[in-house]
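Heads up: the structure comes next, in structure tokens.
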Amino acid sequence: MSSTSQKHRDFVAEPMGEKPVNALAGIGEVLGKRLEEKGFDKAYVVLGQFLVLKKDEELFRDWLKDTCGANAKQQGDCFGCLKEWCDAFL
């Protein structure tokens, strides 16, 4: 049994393109809205922040918590999703 969600598997299965921010695992409607209000309206914009933080898990989790109030599970899901996407496509 896989430990990742269907949302995670769907996201990492293909190029990111113009996917909305709430396409990211761990980011639902509420967190997506908070991120959009701060200018992070697309998944690729969050990916940019992930890369600026040099794919560092602790820094990214802290940023996500401070930016949109993500809890530990949401932070971990989003980090894992972006990390796996980067491993596959970068």
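Only heavy atoms go into these numbers, but all of them, side chains included; no hydrogens, no water, no symmetry mates. Here the structure is a predicted model, which is why all the values come from computation and not from measurement.
Between the side chain of Arg9 and the backbone N or O of Thr4 there is at least one donor-acceptor pair closer than 3.5 Å. Within the 3.5 Å criterion, the main-chain N or O of Ala23 finds no donor-acceptor partner in the side chain of Lys7.
Note that CD of Glu36 and CD1 of Ile27 are 11.0 Å apart. Values are rounded to the nearest 0.5 Å. One distance of note links CZ of Phe50 with SG of Cys78; it measures 8.5 Å at 0.5 Å rounding. Between the SG atom of Cys68 and the CG atom of Leu31 there is a distance of 4.5 Å, given to the nearest 0.5 Å.
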> How far apart are the C-alpha atoms of Leu35 and Thr67, what are their side-chain angles, what is the distance that settles it, and do they pass the side chain to side chain contact (heavy atoms under 4.5 Å, CB included) test?
Replying inline: CA-CA 7 Å; Leu35 285 165; Thr67 304; 3.8 Å; yes

>> As a quick check of understanding, evaluate side chain to side chain contact (heavy atoms under 4.5 Å, CB included) for Val21 and Lys42, giving each step before the final call.
In response: CA-CA 4 Å; Val21 69; Lys42 300 285 185 186; 5.9 Å; no

> Does the side chain to side chain contact (heavy atoms under 4.5 Å, CB included) test come out yes or no for Asn71 and Gln75, once each step is laid out?
Replying inline: CA-CA 6 Å; Asn71 67 31; Gln75 294 164 25; 5.5 Å; no

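Residues Leu24 and Leu59 share a single hydrophobic cluster, defined by chaining ILVMFWY side chains whose heavy atoms lie under 4.5 Å apart. Under the 4.5 Å side-chain heavy-atom criterion for Ile, Leu, Val, Met, Phe, Trp and Tyr, Tyr44 and Phe89 are members of the same hydrophobic cluster.
Listed by first and then second residue, the side chain to side chain donor-acceptor pair (under 3.5 Å) pairs involving residues 12-21 are Glu14-Lys19 (not counting sequence neighbours). The list of side chain to side chain donor-acceptor pair (under 3.5 Å) pairs with a residue in residues 77-90, not counting sequence neighbours, reads His8-Glu84, Lys73-Asp77, Lys83-Asp87.
Residues Gln6 and Asp10 have side chains that bring a donor and an acceptor to within less than 3.5 angstrom of each other.
By the 6.0 Å contact criterion, CD on Glu29 is open, its count of non-hydrogen atoms from other residues, nucleotides or ligands being 12 or less.
Side chains of Leu82 and Val46 form a contact here, defined as non-hydrogen atoms less than 4.5 Å apart.
Salt bridge annotation for Glu57-Arg61: present, with a cationic side-chain nitrogen under 4.0 angstrom from a carboxylate oxygen.
Of the options Leu51, Leu53, Leu47, a side-chain contact (heavy atoms from CB on, under 4.5 Å) to Gln49 is made by Leu53 and by none of the others.
Using bins of under 30°, 30° to 60° and over 60° for the plane-to-plane angle, the ring pair Phe60/Phe79 lands in the tilted bin.
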